[in-house]
Structure formats: C-alpha cells, structure tokens
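A short worksheet on the structure shown next.
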Amino acid sequence: MGNDDKAREEPVFEARNITKRFPGVLALSNVNFRLVKGKVHALMGENGAGKSTLMKIIAGIYQADEGELYLHGKKVSLQTPKQALNHGISMIHQELSPILDMTIAENLFLGKEFCRGKFVDYKRMNQEASALLEKVGVSLHPSMRMKELTVSQMQMVEIAKALSYEAEIIIMDEPSATITEREISNLFRIIKSLKEEGKCIVYITHKMDEVFRIADEITVFRDGEYIGTYDSDKIDENQLVVKMVDRELTKIYPQRSNQIGDVVLKVENLGQSGVFEEISFELRKGEILGFSGLMGSGRTEVMNALFGITQPTSGSIYINGEELGKPKPRKAISKGIGYVTEDRKGNGLVLEMSVYDNTILPSLDKLSNKIGAVNRKQSMKVAEEYKEKLNIKTPSMQQMVKQLSGGNQQKIVLAKWLIQNPDVLIFDEPTRGIDVGAKTEIYKLVAKLAEEGKAIIFISSEMPEILGMSDRIIVFYEGRKQGELTRGEATQEKIMMYASDVNEGGAQE
Amino acid sequence: MKEKMKGFDRKWIQTYMLIFIVIGLGIILSFISRNFLTTTNLLNVLRQISINGILAIGMTIVCLTGGIDLSVGSIVAFSGIIAAGFLRDKEYPIVLVLLIAILAGGLLGLYNGYFVAYRNAAPFVVTLSMMTIARGMTYVYSNGRPISNLPTNFLAIGKGSIAGIPVPTIILILVFVLASIMLTKLKFGRYVYAVGGNENAAMVSGINVKWIKMMVYVLSGIACGIAAIILTARVSAGLPTAGESYELDAIAATVIGGTSLSGGRGRLWGTIVGAILLGIVNNGLDLLNVSSFYQQIVKGLIILGAILIDSKRNE
C-alpha cells in the first residue's frame with residue numbers, strides 16, 4: 001500500500017483546531033489529530049505536552065474551548081464521558097479509579113449492569129466478566145474485591161473494562177506504566193487483535209521501545225502544540241526525541257557555578273517491603289542530585305519514607321553524620337530537610353487557606369511565642385519577603401491559593417520551605433503542570449539554591465530537565481536503584497536504558 | 001441592579017448575608033409583636049442562647065477539623081450532674097466544683113479525641129458511642145433522679161446579672177473572645193484550619209495532626225462543662241435528662257454560621273450569629289404563640305435554607 005492511499009483514506013475520527021486553556025496554562029493550542037481504521041496511533045511528548053488533555057477532550061471528560069470533533073465525517077459534540085461511550089469512544093485512564101470495595105465484575109459493568117427485570121443478574125455478570133478477564137489474559141475470579149488486587153491487576157481490569165464497551169476507538173493513556181512485562185505482552189497481543197478487528201487505538205506512552213513495537217503512526221506534541229504525525233517505520237528514536245524536546249537546553253537551564261562540598265545526607269540500604277529496596281546514596285552540599293525513572297519506579301516513595309510520611313522498614317538515614325532514627329515530618333523539618341512534594345494539591349497546599357497562611361504554615365513554631373501566639377507582623381513580613389523573592393503573583397496575601405495558577409501555587413510551596421532555610425531540599429516534579437515561563441524561573445531558583453550551598457534532590461520524569469539540572473543522576477527501576485550517572489556521562493539514551501531495564505545497557509557494566 | 005454587583009460586593013453580601021437576615025428578622029418581629037424589641041426580651045434571648053452558643057463554639061472547632069461531636073448533650077448532662085452532686089453532698093468550695101465540672105467535660109472529650117485521632121475511628125461513631133456512655137453514667141451517678149437543693153450563690157451563675165447583663169451571656173462572650181483569639185491569633189488555630197483543609201499538607205508541613213485532632217474534642221468537652229454549669233444553675237438542679245438533643249442545636253448553629261462540615265472553612269462569629277438566629281426565631285414564635293411543634297419544623301427549614309445558601313456560595 002502506498003503512501004498516497006493512506007493519505008486519501010477516510011479518517012474515522014478527526015479533531016480540528018482544538019484549543020484548551022486551564023487557569024494560567026494554555027494546554028492545547030490549535031491542535032489537529034486524526035485516527036484511521038485499524039491503526040495503532042501512538043501519542044508522544046513530554047509531561048504537560050497536552051497528550052492527556054486532548055484524549056480527555058475526545059473521551060468527553062474535558063470540553064475544548066475552541067475547535068471541532070468529527071466522527072466519520074460528521075461533527076459531534078462530546079459533553080460527557082457517557083456521550084463519548086455512546087459514540088464508541090472508550091478510554092483507559094492513567095489514574096485508576098476503581099471502587100475498591102466492589103467486586104471485579106461490579107466494577108467492570110458499573111453503570112451497565114446486567115439485569116433480570118429490576119434485579120441485578122450477578123450470575124450473568126460474573127460469566128461475562130470471566131470472559132473479559134480471559135480475553136485480557138488474567139486469571140482472576142470476577143467476584144474478588146478490587147482492593148485484593150495489585151496495582152497491575154487493577155490496570156488489567158481497567159483494560160478489560162475499556163474493551164467491554166466494544167468501542168470503535170480505544171484510548172490508552174499510559175496503560176503500561178504500572179504493569180509487568182508479561183502483562184505488557186498480553187496487552188500488545190490484545191491490541192493486535194483489536195487492530196485486526198478494525199478498531200482505532202490511541203496509545204500514549206513514554207517508552208520508546210513500546211512505540212516502535214506496536215505503533216503504526218506516531219503523533220508528537222510539545223508544550224500544547226501539534227508537531228507532526230509520522231509513520232513509525234519512517235522515523236527513528238533519535239529523530240523522535242528531537243521532535244519531542246527540540247529546545248536548546250542551554251537557554252532554558254541556567255549556567256551555574258555551584259561548589260560541591262561535604263556529605264550532608266547519607267542514605268544506607270533504605271527499604272520498604274514491597275515498595276523499594278536497598279536504596280543507598282550520598283548527597284553533598286551544593287550538589288543537585290537528579291532522581292530519574294518512570295512513574296511508579298519508587299522515586300517518590302523513597303522520598304516519602306526519607307521524610308517520614310511513610311515508614312521505611314529497613315536501612316538508615318544520616319544527616320550531617322547524625323543518624324535520624326525513625327523519620328517523622330516534624331523531625332525531618334527540624335533537622336533541616338524541606339520537601340516540595342509531587343502532589344501540590346494533595347499534600348503541598350491547603351487550598352482553602354490564604355497565600356499568607358500557607359506560606360508560614362511550617363514556620364509557625366518559629367514565628368510564635370511560648371503560649372503559641374503568632375507574631376503577625378513578623379509573619380507577614382516574612383511572607384511578603386518571599387512573595388517578592390519568588391515573584392509570586394497574587395492580588396493579595398489573603399487570596400485563597402486555590403484561585404492562583406499552578407506556577408504561582410508551586411512557588412508558594414517553595415516559599416514554605418525556603419523560609420525554613422533547610423540544608424537539604426527535595427523537589428519532586430517541581431515543574432509538573434506549570435507553563436514554560438514559570439518552569440524557567442524554578443530552574444533558576446534551584447540553581448541559585450545550589451550555589452548558596454544547599455544540597456538538592458531533584459526528581460523529574462522529564463528527561464531534558466533531569467539532564468539540564470543535575471550534577472549526578474540516579475535512575476530508578478521497579479523500586480531499585482538501577483544506575484548512577486555523572487553529569488558528563490549522562491545521556492537521554494543511557495537514562496532510558498536504566499529506566500526501562502533494557503539489557504544492552506546492563507551488559508556494558 | 002443585581003447585574004451591577006461585581007465580585008467584591010457580591011462576595012461581601014454573601015459573607016454577611018446572615019447578619020442581614022438576623023437584622024431583617026428582628027425588624028419584622030418588632031412590627032409583629034410589641035414585646036419583641038424590649039430590653040427585657042432581648043436580654044432574655046441572649047440568656048437563652050448562651051448555652052447553645054457555648055456548645056456551638058466547641059462544635060465549630062471540631063467541625064473545622066472535619067469532625068463532629070454528637071456527644072455534647074450527654075456530656076452536658078454528665079458534667080451537670082457531677083457539679084450538682086458535689087455541691088449537694090459534699091462541702092466543696094464552688095470554684096472547685098466549677099473546675100471539676102469543666103474537667104469532667106474535658107476528660108470525656110479526651111476519650112472522644114483519643115479514639116478519633118489515635119485509633120482512626122470515625123468521629124460520628126466515637127461520639128455517638130460517647131453520647132450513650134455519658135448519658136448512662138449520668139443515670140448511674142444520679143440513680144435517675146434529679147439532684148437539687150443547690151447553694152444560692154451557685155444559682156446566680158444561671159439567673160443573675162452583672163450591670164444588667166445576664167451572667168450566662170457574659171460567660172458566652174468570654175468563651176467567644178477566648179476561642180476567637182485561639183483560632184485567629186494562636187498557631188493552634190492555624191493548625192486546626194490546616195488539618196481540616198488538607199490533612200496531608202498539614203502533616204507534610206510538620207504539624208502534629210493527631211494531637212490537633214484530639215485536642216479539638218477536649219475543647220468541645222470543656223465547652224460542655226461550662227455549658228453544664230450554666231444549665232444546672234438555671235434550672236436549680238442537676239437533671240439526668242438534661243441536654244437532650246443539644247448536639248443538634250449546636251450543629252445547626254454551626255452550619256447556619258457557614259462552617260463546612262467537611263472541615264477547613266468556617267468562622268466563629270458566624271456560629272454565634274447562627275445561634276442568635278435560632279434564638280430569635282424561637283423567641284419570635286413564642287411571642288406569636290406558635291406551638292413548639294411548629295417551631296421544630298421552622299428550625300429544620302432554616303437549617304436547610306442555610307446549607308443551600310452555603311452551597312451556592314461555594315458554587
């Protein structure tokens with residue numbers, strides 16, 4: 001089949017000139033996208049490039065601010081996920097939302113239960129569920145409760161659920177991020193058979209090898225813009241990376257002259273059963289240590305344990321040569337650790353509180369007298385000072401933080417910790433969901449902190465960010481420290497190899 | 001005109017809507033009943049709301065952390081019966097008895113708080129359990145009989161006035177001022193809001209979340225102890241049936257005052273205005289000779305109205 005035939009082929013689905021804004025961010029800018037019958041279409045781009053946003057628009061979860069959607073050449077309006085399903089579009093979500101106390105079968109057929117008259121027909125539901133589970137190649141009993149399953153099993157159930165709609169278009173948003181190698185093979189087998197049935201598959205992933213294994217076409221997004229669509233056999237990995245990143249790294253990432261000093265933080269054989277094991281590393285004064293790896297590879301979990309949000313089950317932590325003992329957030333803070341968490345809204349900020357209240361929250365011990373009366377004048381002075389320093393844009397200090405943009409919210413989280421003047425600062429995905437301008441400001445700030453002698457752990461899923469910022473990079477894979485690279489030897493490919501456990505890299509050691 | 005109101009004005013009106021409603025209601029009532037707008041009657045209303053006001057202050061603090069305290073009515077009965085018992089049987093100085101009553105309330109609150117904070121039990125269930133336990137202990141202590149014959153100078157706490165202002169009202173004002181200072185000026189108050197607003201963020205910020213969650217129940221228990229003293233002095237006896245369904249009035253005042261039951265949002269003055277609103281409605285309906293059966297229906301509708309206004313305010 002020639003190229004010209006393909007171009008003439010009628011698309012099953014088409015999105016034209018889609019624009020979507022979120023407060024403070026232009027998530028999609030005039031984007032085009034089309035799907036052809038019986039093809040696997042991979043979507044690639046960095047986090048925040050707009051892939052998931054576009055897919056959520058197609059699945060009826062978000063509404064586009066501008067642009068049109070066409071199904072078989074007819075304009076459609078998809079206001080709710082239900083409407084999208086009725087049009088034959090189903091989506092496997094990146095973030096799972098199973099109802100944990102219900103059974104697999106109940107979850108699979110939620111909202112479309114089989115009934116006999118007014119009564120739910122559990123027998124038939126379990127039978128159909130068994131058939132679906134068999135189809136995706138997992139041997140689980142349909143009457144098991146979701147909470148009994150592992151994350152990867154839940155993901156497979158989610159995949160089965162998406163198949164149960166017998167949709168024409170199936171969107172898979174990083175379905176392989178949390179499942180095992182064997183399950184991935186199963187998934188690919190399913191995708192191939194769906195393809196033969198003439199369905200359209202959209203596959204979002206960060207894993208290069210997967211893209212070339214199953215995709216027919218690849219569309220690249222960057223910073224909310226459509227870059228292009230390529231046949232997978234006419235492009236190679238390097239070209240793809242260039243399309244995805246295409247930035248002059250030197251312009252975005254600041255030049256710096258940090259002096260690396262003595263060891264500040266030392267972690268020895270830290271483990272948490274079933275989550276991560278044998279994590280050891282040292283962090284020095286003035287150093288930026290990058291933590292790379294796929295989502296769920298254990299980076300955040302190690303940091304949570306280090307800070308005492310969860311409890312490690314083995315290993316020890318030393319700060320300035322002194323053993324920390326059983327970690328607790330209070331203790332970690334008093335020993336000079338600050339933690340800018342990954343989940344700004346989940347545990348970084350109290351959204352209903354003001355900019356002022358959030359900024360001083362961890363510092364209230366220092367800003368109040370013996371009976372606990374807060375010195376408002378001093379607190380306000382401190383909060384104002386950091387608002388200026390970090391260039392936080394807010395109409396007033398009394399503004400509720402939920403009304404600010406992601407970038408400004410993130411700066412408030414930074415301010416919270418900088419006031420503490422910690423020796424060690426952990427940044428977990430500090431630039432997620434914020435625009436390029438705010439990102440650059442945060443990079444500059446991190447670099448400046450290193451120059452001032454702070455020891456910094458910088459966690460990121462974005463390859464260029466890790467490469468641009470780190471003095472040294474530790475790569476995680478499935479809860480283990482898979483490799484360590486210095487700034488000089490680190491490349492995108494090497495990190496990727498460690499992060500996805502490709503053997504060629506391991507053999508060279 | 002409505003379209004002209006922009007952001008700030010509308011927000012301002014929504015925030016203080018409750019006060020306008022109370023004033024409006026007062027104006028209407030003063031037209032309907034000649035007896036409403038008299039010093040005696042208004043002071044009477046203030047005296048009547050003081051017990052609910054104090055309980056509602058404790059309730060608001062609990063609700064700010066996302067909890068609820070269903071045991072306040074029973075704790076009032078228990079603290080009251082203890083106070084009455086100590087006053088009648090033994091010859092303790094009154095001040096000591098007051099402290100014992102408050103301590104009794106605080107201890108039962110501590111029990112609530114411990115299970116909620118350190119054993120991760122649902123506040124609704126823990127305080128429901130305490131509601132029955134405290135009521136039962138009250139009956140056990142009193143053998144189911146009222147304890148009367150209390151000293152006159154104790155009764156003055158419920159019936160007396162200082163400079164024309166009823167003593168219970170003065171106590172309410174004191175409790176309100178102290179609680180307000182605590183919530184707005186002390187770091188404890190900031191922590192209460194932070195825990196209710198986002199427990200995880202509070203924990204990551206190094207706040208001892210469990211301690212805060214426990215202490216709010218202790219405070220609510222202390223409020224019960226104070227309210228129990230006023231109640232016992234007003235009715236001149238410790239009654240084992242005292243305080244029944246007081247928790248509902250306290251929750252009503254809290255909710256009408258705009259405190260979110262899911263935590264993190266609310267103001268004490270709103271609660272007080274909520275208690276005043278309930279008090280005025282009761283008083284007005286009394287003056288109009290409306291049967292207390294209908295009064296309950298009206299109260300229920302007010303609570304519903306308040307929550308609807310509140311959910312609109314939050315879109």
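Quick caveat: nothing in here was measured; it's all calculated off a predicted structure. To find a chain, count down the sequence lines: A is the first, B the second, and so on, and within it residues start at 1. Both backbone and side-chain heavy atoms feed into the values below; hydrogens, waters and symmetry mates do not.
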Exercise: identify the closest heavy-atom pair between Ala373(A) and Leu186(B):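 Here Ala373(A) and Leu186(B) meet closest at CA-CD2, 3.3 Å.
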
I'd like to check Leu349(A) versus Asn198(B) (side-chain heavy atoms, cut-off strictly below 4.5 Å). Are they in contact?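 Side-chain contact under 4.5 Å: no.
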
Close side-chain approach of Asp357(A) and Arg190(B), heavy atoms under 4.5 Å: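 Yes, their side chains come closer than 4.5 Å.
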
For [X], I'd like to know if atom [atom1] has over 12 heavy atoms of other residues, nucleotides or ligands within 6.0 Å.
X: Trp211(B); atom1: CH2; value: no
X: Lys331(A); atom1: NZ; value: yes
X: Tyr118(B); atom1: OH; value: yes

Taking every non-hydrogen pair under 4.5 Å, which of Ile333(A), Leu364(A), Thr341(A) racks up the most with chain B?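 Winner by heavy-atom pair count: Leu364(A).
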
Tell me, out of Asp365(A), Asn375(A), Leu351(A), Ile309(A), who's got the most heavy-atom pairs with chain B below 4.5 Å.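 Of the options given, most contacts go to Asp365(A).
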
Can you tell me how far the NZ atom of Lys187(B) sits from the CG atom of Leu361(A), to the nearest 0.5 Å?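 Reported value, rounded in 0.5 Å steps: 11.5 Å.
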
Got a second to check how far Trp417(A)'s CH2 is from Ser205(B)'s OG, nearest 0.5 Å?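 With rounding to 0.5 Å, CH2 (Trp417(A)) is 5.0 Å from OG (Ser205(B)).
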
Which of the residues Ala194(B), Gly264(B), Gly197(B) is involved in the greatest number of heavy-atom pairs with chain A at under 4.5 angstrom?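 Between Ala194(B), Gly264(B), Gly197(B), the count favours Ala194(B).
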
Contact winner vs chain A - Asn200(B), Val204(B), Ile207(B), Asn208(B), heavy-atom pairs under 4.5 Å: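 Of Asn200(B), Val204(B), Ile207(B), Asn208(B), Val204(B) has the most heavy-atom pairs under 4.5 Å with chain A.
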
